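These notes concern the structure reproduced below.
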Amino acid sequence: MTLAVYNTMSRAKETFVPLDPGHVRMYVCGPTVYDRAHIGNARPVVVFDTLYRLLKRTYPRVTYARNITDVDDKINARAAQSGRSIRDITEETAAWYHQDMDALNALRPDVEPRATEHIGEMIALISALIDKGHAYAAEGHVLFSVASMADYGALSRRSRDEMIAGARVEVAPYKKDPGDFVLWKPSTPDQPGWDSPWGRGRPGWHIECSAMSGKYLGESFDVHGGGQDLVFPHHENEIAQSTCAHGPGTFARYWMHNGYLMVEGEKMSKSLGNFFTVHDLLAKAPGEAIRLTLLSTHYHQPLNWTDDGLTQAKQALDRFYSALERAGEGTADAAAVEAELRPVLAALEDDLNTPAAIAAMHDIAGRLNKSADAAERAVLKSALSQAGGLLGILAQTPESWRRAGAAGGPGDAEIDAMVAARNAARAARDFAEADRLRQALADAGVTLEDGPAGTRWRRG
RNA sequence: GGCCGGAUGGCAGAGUGGUGAUGCAGAGGACUGCAAAUCCUCGUACGUCGGUUCAAUUCCGGCUCCGGCCUCCA
């Protein structure tokens, strides 16, 4: 296969050529654990999980690393304000994060390193940067010297002059250059801190990703992903740290960034009241529907999150599951399945074009619905199911999908009993009673489908 | 102010220098006791103004509008 990815570094779509075809390595910036993940946090997780699934299908070994930032001033602030310990907050939040991302069918990364467990590696990296003349200590801080790096700004395509001209923040007096950024900063006694050659302190934001990606993926690796908002300064500074420490040409080969997420046409923010956590959303929609909504827009485009979009994703899943359920059982010819899956793979291989992949799945589902040939149905069913596996959807049985729904209302047994009563009425041609029962179920949010295999029902 | 994206039919959303993806919604029909699901038919969209071209939604430029980033700092 030929995978093409849009590389932010070159601003062009490039053919993906792994450094080691026997072992593909990718790093994605993970959460700072101080609060529930919101839907904007979920987008890169779902996007890069989909890439991970595609890579795993193509290459014999893939290592996916995603960090957990558990030392950060936002965490300190949360601890001070709540009176709880930092450890309590980070452990609880990391557990929530796992629950929520699991519910979106995001596979766990192979490595999930925590910043606080890699302080030693960070100190070593900072020391190396000082030794090579790329960093300096000043007033308890260690700063990266932007002037020491000729091509600083290559990823975000900013010149240092532009950055200085555009700076709107007062420059700290200990910086030699306004563009210099913090690698290490001093901690007060009440702040978390570690002993270092520069005194007790804590790491700056960017250094952990350089230290941990280097440890788990090597000095050079294939893909580095994250949200577009991380291009500058975070990823720019990671590049500066890693390439200055390890040499030119090292670090990530392909930089992939997902677009921003908006809600109902507006920027998501707490003050606008359009701030949704994944946890809240899971209470009103299945995880797969949330996931499919996130994949319904190409990852590079801005995504406008709407209730209508979520409803449409759920309807698409209804259609896919319904096609799978009506397909029946049968053994599929593997080569034929591969051929049917081709359009889906081709879409994903073209810079992860998930909307086109979903359209290809609709084509498969449509042909599956109208096929009268059992062997063909088995092929199409298998292809649809495998396509779902690549996108991280269609992971449950059609029956559990259609029976899942909002909590409350009649239970499965009660619904089954009402359906049986209605069918008895139909057999007796008492259609008034049959329709009364169906209406009662409809009022409870249950839809009936009479078919050759009997009556099926669905919630929602 | 600097830099970077984006503008496609009622909605969502791909894509392409020349046969109007795909889904949802809507209209008609088949099927059904009635429905639901499914199937069939139906939509002449590409912000604006110019340019290049035999031909532009697709390439180039101006304009308008929308969104984001501008260094650890809220």
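Every chain is numbered from 1 and lettered A, B, ... according to where its sequence line falls, protein lines coming before strand lines. The model shown is predicted, which means the values in this text are computed figures rather than measured ones. All values below come from the heavy atoms of this structure, side chains included, with hydrogens, waters and symmetry mates left out.
At a threshold of 4.0 Å, the pair A/R436-A/D430 does not count as salt-bridged, since none of the basic side-chain nitrogens sits closer than that to a carboxylate oxygen. The pair A/D450-A/R422 meets the salt-bridge criterion, with a side-chain N (NZ, NE, NH1 or NH2) lying under 4.0 Å from an Asp/Glu carboxylate O. Note on A/R57 versus A/E338: salt bridge recorded, some NZ/NE/NH1/NH2 to OD/OE distance being below 4.0 Å. Between A/E14 and A/R253, no side-chain nitrogen of the basic residue sits less than 4.0 Å from a carboxylate oxygen of the acidic one, so the salt-bridge criterion is not met. One finds a salt bridge joining A/E329 and A/K381 here, because a Lys/Arg side-chain nitrogen approaches an Asp/Glu carboxylate oxygen to under 4.0 Å. A salt bridge does not link A/D280 to A/R36: none of the charged side-chain nitrogens sits closer than 4.0 Å to a carboxylate oxygen.
Atom CD in A/E349 sits roughly 15 Å away from atom P in B/G15 (whole-Å rounding). Separating the CE atom of A/M418 from the P atom of B/A35 is a distance of 21 Å, rounded to the nearest angstrom. To the nearest angstrom, C1' of B/U71 lies 14 Å from CD of A/E238. In this structure, CG of A/L441 is placed 20 Å from P of B/C34, rounded to the nearest angstrom. The distance between atom CG of A/L155 and atom P of B/C70, rounded to the nearest whole Å, is 14 Å. Between the C1' atom of B/C4 and the CE atom of A/M9 lies a distance of 15 Å, rounded to the nearest Å. For A/L324 and B/U38, the CG to P distance is 13 Å, given to the nearest whole Å. Atom C1' of nucleotide B/A37 and atom CZ of A/R438 are separated by 12 Å, given to the nearest angstrom.
Relative to the side chain of A/N353, the nucleotides B/G33, B/G15, B/C34 differ in distance, and B/G15 lies closest. If you check B/A14, B/C4, B/U71 against the side chain of A/P233, the one that comes closest is B/U71. Out of B/G33, B/U38, B/C4, the shortest distance to the side chain of A/R326 is found at B/U38.
Both A/V182 and A/D435 lie close to RNA chain B; mapped to their nearest nucleotides by heavy-atom distance, the more 5′-ward contact belongs to A/D435. With RNA chain B read from its 5' end, the first of the two nearest nucleotides for A/G451 and A/L303 is the one closest to A/L303.
For B/G13, one of the phosphate oxygens OP1 or OP2 lies less than 4.0 angstrom from a side-chain nitrogen or oxygen of A/T297.
For the residue pair A/Y97 and A/N41, no side-chain donor N or O sits within less than 3.5 Å of a side-chain acceptor on the partner. Between the side chains of A/D190 and A/T188, at least one donor-acceptor pair of N or O atoms lies under 3.5 Å.
Paired runs in RNA chain B that reach 3 or more consecutive Watson-Crick or G-U pairs, where each pair keeps both distances under 3.5 Å, cover B:1-7 with B:64-70, B:10-12 with B:22-24, B:26-30 with B:38-42, B:47-51 with B:59-63.
Side-chain contact between A/Y299 and A/M256 is present, with at least one heavy-atom pair separated by less than 4.5 Å.
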message: Strictly under 4.0 angstrom, non-hydrogen atoms only: write out the protein contact profile of nucleotides 22-31 of chain B, one letter per nucleotide from the 5' end, B, S or -.
response: SBBS------
